[in-house]
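The structure displayed is predicted, hence computed values, not measured ones. Excluded from the calculations below are hydrogen atoms, water molecules and symmetry mates; all remaining heavy atoms, backbone and side chain alike, are included. Order of the sequence lines sets the chain letters (A, B, ...), proteins ahead of strands, with each chain counted from 1.
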2 protein chains.
Amino acid sequence: MTTLKELAKLLNISVSTVSKALNDSHEISEQTKKRVNELAAKLNYKPNRIAQQLKTNKTKTIGVILPTVTNPFFAEVLHGIETAATKHDYDILVCLSDELLSKEKRSLELLSNGSVDGFIIAVARESQVRSEFKHFARVLENRIPILLFDRVIQDIECDKVIVNDFQSVYEATKFLIEKEERSNILLISNIEELSVGKLRIKGYNKVIEEHGLQSNVLKLGNVENVEEEVFRYLNDHPKIDAVISIDHITGIVAINMAKKLGRLVPEDLSVIGFGYDKTPMLSSPRISIIHQKAFDIGQQSMKTLLDSFKSEDHQFMTLVIPSELKLEESTVN
Amino acid sequence: MTTLKELAKLLNISVSTVSKALNDSHEISEQTKKRVNELAAKLNYKPNRIAQQLKTNKTKTIGVILPTVTNPFFAEVLHGIETAATKHDYDILVCLSDELLSKEKRSLELLSNGSVDGFIIAVARESQVRSEFKHFARVLENRIPILLFDRVIQDIECDKVIVNDFQSVYEATKFLIEKEERSNILLISNIEELSVGKLRIKGYNKVIEEHGLQSNVLKLGNVENVEEEVFRYLNDHPKIDAVISIDHITGIVAINMAKKLGRLVPEDLSVIGFGYDKTPMLSSPRISIIHQKAFDIGQQSMKTLLDSFKSEDHQFMTLVIPSELKLEESTVN
DNA sequence: TTGTAAGCGTTATCAA
DNA sequence: TTGATAACGCTTACAA
């Protein structure tokens, strides 16, 4: 790699002159600028970023710690994060916690050594289940900003970007009751331990209660044989006339199992799940979804974090990105 | 952030003594080591990585440029890459090209300034379609190693990790003909412009030819209304008795559309698609897939690249990670 | 208009 | 056993 020193030597001028010339300083004559730029171009000179980082004490890099990236929600969030980062000339260091506290902790510690200017994080499942958040607090004490999204922590004071989990499920359930005229609504979940899962279930229960209906919640945890469990439940409970799934998998499974049982969708059973752009295409009939604007969540997270760098005494904020009920005529009437 | 200098000042010893003590040098007395380590722990000292990078001229960071991460294949590859990186104490800077030549070029150039020790890349669709690869050559000239995976380039000399695209489709098609006794096999594709798509189609055509059958290829490009197109094709061609999809979407769509047309799967129509771990669960009946070991591809890519750093005169290699035909009794007989 | 020198936080060489 | 110093590549005050 070509350095300033090398250019200076070849041109028989000083390093600082070269530096200034490349930065188009008014102190330098046009002629020198031209000579310098030409040689730099010829030798494909690029200022060494590490040196710049050391000098300016800014890395222009954000550490992104995600629980997983095979879940399409987080994949799309990452897309949004990357897009916003690129737009503002930042890079992202990506770590996956695999939902494990230990990995999350390790990544956080390893990157808290000047590697990044800040973090964007969705908390690992294990950390949430065990309510173990000290590692976040420690980073904040070190004055490295953190932005939490989706799975956030009440007690940690920092910027947050969340989804209207409670509200969206509340409204979807209400829709099933009032517009679809359903009264035996099953909620299926494989994320009930997560903060977002709890909120979604609360949203469901609230409406159910308001309408004096019976609450039916099928908690699947992280089991392998989701299909079998759903099949059995639907088989054992023939009165169920609507399903609301609070993740992006089990809604599709419910449609498939209902059909296997000879139930007509949407005539016998209305189905609403969670999902993203391509989710509806994966089931037949196309599933109605509570569409989480994952890309926006990612973009806004990055934007909010970068904005916070600018203002001096920054006030922490919590941004809510509302989900959108996307109905398909095929799964609701 | 605490620095060596600060520690030195507080302890009234020199910076170099502190440095050596922290690195457990034999030159330093146990007593000093103890004092230093205790204070360092207390102040949560971490050696500044940027400074280390500048000093050693190694970033321990790999640039990863992916076309997209919402495609589950690339998401899972990324997972493998990250896992291997963490294992070897490397970080990854992730850039998404969004399948665009311009973004790919930009990321490559921006990171070729000492930000990374090497690259792992899957070529963007546009770069492949336009056969524009100069930007890769330029990076290699700068002596920054590149490892290409999945979508590789013949003319670029570097390490490569690929899938047996030709072979896997050849064998799957052969299976449909010989074991399933199908003779009107439709290949559906939405990736025919890609190198991997071309190879897969070749694999199909080879068997078709060997058996003197008719080649039926439905190219969808990147259209929106995939479902409609597939529906129409199946409707217009009632003789089709098997489908092989060379991506992870259209196979599921084919199952759904066939059912909509009243065709029985697998009795009337055998279906094999491409996919990953959770793909079969998304269709009913569960779809048989050519299972790409995306996680392994990611891991091996990282491992191969890091290995290449060690040996001096490294010989480029091309690693093939064979896909596995994963049959489900529900979509083949 | 150009050059000198200090400094960012480390590590490593050499001297004390 | 400890310390002074130079160096990595860059930027920037200050001097010439």
Side-chain angles (χ1 to χ4, degrees), chain A residues 1-37 39-40 43-61 89 110-117 142-144, chain B residues 1-37 39-40 43-61 89 110-117 142-144:
Chain A
M1 294 241 334
T2 318
T3 66
L4 284 186
K5 213 193 218 171
E6 286 165 29
L7 292 179
K9 199 168 199 176
L10 287 169
L11 294 166
N12 261 314
I13 55 180
S14 80
V15 170
S16 63
T17 306
V18 178
S19 171
K20 287 172 190 165
L22 288 170
N23 289 310
D24 201 23
S25 160
H26 56 274
E27 298 176 16
I28 305 295
S29 73
E30 287 305 320
Q31 206 201 353
T32 332
K33 280 186 192 170
K34 202 179 157 205
R35 284 180 65 213
V36 171
N37 282 309
L39 186 64
L43 298 186
N44 195 20
Y45 168 80
K46 300 219 183 66
N48 182 303
R49 190 161 75 136
I50 304 299
Q52 283 179 322
Q53 289 177 347
L54 184 61
K55 183 73 195 167
T56 61
N57 200 26
K58 299 229 156 23
T59 61
K60 292 272 231 166
T61 303
D89 276 321
L110 283 179
L111 297 188
S112 298
N113 60 358
S115 297
V116 300
D117 295 342
N142 263 305
R143 326 214 117 272
I144 308 180
Chain B
M1 293 238 339
T2 318
T3 65
L4 284 186
K5 213 194 216 173
E6 286 165 30
L7 293 179
K9 199 169 199 174
L10 287 168
L11 293 167
N12 262 315
I13 55 179
S14 79
V15 169
S16 57
T17 305
V18 178
S19 171
K20 285 174 190 162
L22 287 170
N23 289 308
D24 201 24
S25 160
H26 57 273
E27 298 178 14
I28 305 295
S29 73
E30 286 306 321
Q31 205 200 353
T32 333
K33 280 187 193 171
K34 203 179 157 207
R35 283 181 67 214
V36 172
N37 282 309
L39 187 65
L43 298 186
N44 195 19
Y45 168 80
K46 299 218 183 66
N48 182 302
R49 191 162 72 137
I50 305 298
Q52 283 179 322
Q53 289 177 347
L54 184 62
K55 186 73 193 165
T56 61
N57 200 25
K58 298 227 157 23
T59 61
K60 291 273 225 168
T61 303
D89 276 321
L110 283 179
L111 297 187
S112 298
N113 60 357
S115 296
V116 299
D117 295 342
N142 263 306
R143 325 216 118 272
I144 308 179

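Taking atom CG of A:L4 as the reference point, atom P of D:dA7 lies 17 Å away to the nearest angstrom. D:dG9 atom P lies 12 Å from atom CD1 of A:I50, rounded to whole Å. Here the P atom of nucleotide D:dC8 and the CG atom of B:N57 are 10 Å apart, to the nearest Å. Note: NZ (A:K5) to P (D:dA6) measures 13 Å, nearest angstrom. Rounded to an integer number of Å, the gap from B:L11 CG to D:dT1 C1' is 16 Å. Following rounding to the nearest Å, B:N113 (CG) and D:dC10 (C1') show an atom-to-atom distance of 12 Å. Straight-line distance from the CG atom of B:N48 to the C1' atom of D:dC10: 15 Å, rounded to whole Å. For the pair B:E27 CD and D:dA4 C1', the interatomic distance rounds to 14 Å; values are reported in whole Å.
Checking the phosphate oxygens (OP1, OP2) of D:dT2, a side-chain nitrogen or oxygen of B:T32 falls inside 4.0 Å. Remark: A:Y45 is in phosphate contact with D:dC10, judged by side-chain N or O atoms under 4.0 Å from OP1 or OP2.
In terms of the side-chain hydrogen bond (donor to acceptor under 3.5 Å, both in side chains) criterion, residue partners of B:T59 (sequence neighbours excluded) are, by chain and number, B:D117. For B:E27, the side-chain hydrogen bond (donor to acceptor under 3.5 Å, both in side chains) test picks out B:K20, with sequence neighbours left out. Applying the side chain to side chain contact (heavy atoms under 4.5 Å, CB included) criterion to B:S112, with sequence neighbours excluded, gives A:K46, B:F119, B:V139, B:I144.
For the pair B:D24 (side chain) and B:H26 (backbone), a donor-acceptor distance under 3.5 Å is absent. A:N113 contributes a side-chain N or O that, together with a main-chain N or O of A:S115, makes up a donor-acceptor pair within less than 3.5 Å. Side-chain atoms of B:K33 come within 3.5 Å of backbone N or O of B:S25 as a donor-acceptor pair. Between the side chain of B:N48 and the main chain of B:I50, a donor-acceptor pair closer than 3.5 Å is present. B:T61 contributes no side-chain N or O that, together with a main-chain N or O of B:V116, makes up a donor-acceptor pair within less than 3.5 Å.
In summary, contact between chain A and DNA chain C, defined as any nucleotide atom under 4.0 Å from a heavy atom of the protein, begins and ends at C:dT1 to C:dG9 in the 5' to 3' direction.
Comparing the helix axis at one end of the helix from C:dT1-D:dA16 to C:dA16-D:dT1 with that at the other, each defined from 5 consecutive pairs, gives an inter-axis angle of 60° (nearest 10°).
A donor-acceptor pair shorter than 3.5 Å can be found between the side chains of A:S29 and A:T32.
In this structure the side chain of A:L22 reaches within 4.5 angstrom of the side chain of A:Y45, judged on heavy atoms. No side-chain heavy atom of B:L110 sits under 4.5 Å from any side-chain heavy atom of A:R49. You'll find the side chain of A:T17 stays beyond 4.5 Å of the side chain of A:L11, heavy atoms only.
With the nearest nucleotide of DNA chain D identified for both B:I28 and A:P47, B:I28 has the one nearer the 5' end.
As judged by a 4.0 angstrom heavy-atom cut-off over every strand, B:Q52 is placed among residues touching the sugar-phosphate backbone only. Across all strands, B:K33 comes closer than 4.0 Å to no nucleic acid atom at all (heavy-atom distances).
A heavy-atom distance below 4.0 Å to DNA chain C is reached by these residues of residues 14-23 of chain A, ordered by number: A:S14, A:S16, A:T17, A:K20.
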